[in-house]
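Report on the following structure.
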Amino acid sequence: QIGVDIQADLIGSLGSKMTYYQLPVDPDAEPDPTGMGPGRIVMGLEVTNAEKFDGALEQILQMAGGMIPIENRDYMGVTIHVVNAGFFEMGFATTAGHFILATNVEDLERVIQTQGKDVAGLAGSEDFQRALAGLPADRSLVTYSDPRKAMATLSQMLKTMGPMLIMQN
């Protein structure tokens, strides 16, 4: 018995909306030590009852005690919980009606910086709107990818490495 009803207090405090995005791979970055794949991930879950959700989350974090190294810090008035596993750092926070989890704390901070601001997002992109236009209205999941940056990186790699590969054969 942990003192928290996971279904009622934690899951029951979540809404029906989720946002997930994966940032493009930085070709100059070190390999990802987390094994979570290329790029960095940010996920947001709608929270309908922040007080209940935060209370349950705090109880769970207190129970975790020293088992999981978690540092709490303030960023622009929002408490960020930072998990430091030695070889990587990730963070999570509840803010502006969402529970945000990021595999990179800087990405979480960028999300917090945009709160309450009119920031251009994916939904306003003409390319994204064109892709959405052909989908049924009752969709439940949309995945969108713009491969232009990845292709530019691949093109540059081929320009650089192509001659070397040809010379080896």
Side-chain angles (χ1 to χ4, degrees), residues 2 4-26 29 32-64 68-85 87-150:
I2 62 173
V4 174
D5 185 332
I6 301 292
Q7 181 61 42
D9 299 336
L10 211 58
I11 297 170
S13 296
L14 295 175
S16 61
K17 295 179 183 168
M18 179 185 100
T19 303
Y20 171 93
Y21 67 92
Q22 186 169 348
L23 293 137
V25 177
D26 178 354
D32 180 10
T34 65
M36 297 176 87
R40 298 186 320 252
I41 297 169
V42 178
M43 182 174 68
L45 301 170
E46 178 185 35
V47 175
T48 57
N49 187 335
E51 187 176 328
K52 197 174 193 181
F53 183 86
D54 284 343
L57 185 60
E58 280 303 318
Q59 281 187 275
I60 292 168
L61 292 175
Q62 285 177 6
M63 286 178 7
I68 302 170
I70 299 174
E71 169 197 341
N72 295 335
R73 66 179 188 222
D74 182 78
Y75 184 78
M76 297 180 69
V78 175
T79 300
I80 295 179
H81 306 281
V82 179
V83 179
N84 188 334
F87 59 95
F88 81 98
E89 210 177 58
M90 64 176 282
F92 56 94
T94 305
T95 178
H98 292 86
F99 173 72
I100 311 293
L101 172 69
T103 59
N104 181 293
V105 177
E106 290 174 8
D107 297 331
L108 176 57
E109 290 172 348
R110 280 190 205 96
V111 170
I112 293 168
Q113 289 170 13
T114 64
Q115 292 182 134
K117 295 183 179 148
D118 188 17
V119 178
L122 179 61
S125 157
E126 288 181 34
D127 290 338
F128 181 68
Q129 289 303 319
R130 272 195 301 278
L132 271 183
L135 298 177
D138 61 350
R139 64 193 176 272
S140 62
L141 175 66
V142 175
T143 301
Y144 177 81
S145 177
D146 184 348
R148 288 179 282 202
K149 273 192 171 183

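Computed from heavy atoms alone, side chains included, the values below leave out hydrogens, waters and symmetry copies.
For the pair Val82/Arg73, a side-chain contact is recorded, criterion being any heavy-atom separation below 4.5 Å from C-beta on. Looking at heavy atoms from C-beta onward, Ile60 lies in side-chain contact with Ile6 at the 4.5 angstrom threshold.
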Using a 3.5 Å cut-off and no angle test, enumerate the donor-acceptor pairs between side-chain atoms of residues 12-20 and protein atoms at least two apart in sequence or in another chain.
from, atom 1, to, atom 2, distance (Å)
Ser13, OG, Asp9, O, 2.6

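The CZ atom of Phe92 sits 5.5 Å away from atom CG of Leu57, with the distance rounded to the nearest 0.5 Å. Atom CD1 of residue Ile100 and atom CZ of residue Arg110 lie 14.0 Å apart, to the nearest 0.5 angstrom. Note that CZ of Phe99 and CE of Met43 are 7.0 Å apart. Values are rounded to the nearest 0.5 Å. The distance from the OG1 atom of Thr95 to the CG atom of Asp54 is 9.5 Å, given to the nearest 0.5 Å. Here CD of Glu109 is found 8.5 Å from CG of Asn104. Values are rounded to the nearest 0.5 Å. In this structure, Thr94 OG1 and Ile80 CD1 are separated by 11.5 Å, a value rounded to the nearest 0.5 Å.
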Exercise. Test Val42 against Val111 for side-chain contact (heavy atoms from CB on, under 4.5 Å), laying out the working first.
Key: CA-CA 9 Å; Val42 178; Val111 170; 4.1 Å; yes
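Shown here for Val47 and His98, the closest heavy-atom pair between the two residues is CG2-C, 3.8 Å. Among all heavy-atom pairs drawn from Leu108 and Gly91, the shortest one is CD2-C, 3.6 Å.
Asn72 and Thr79 form no side-chain donor-acceptor contact under 3.5 Å, judged by distance and modelled atom types alone.
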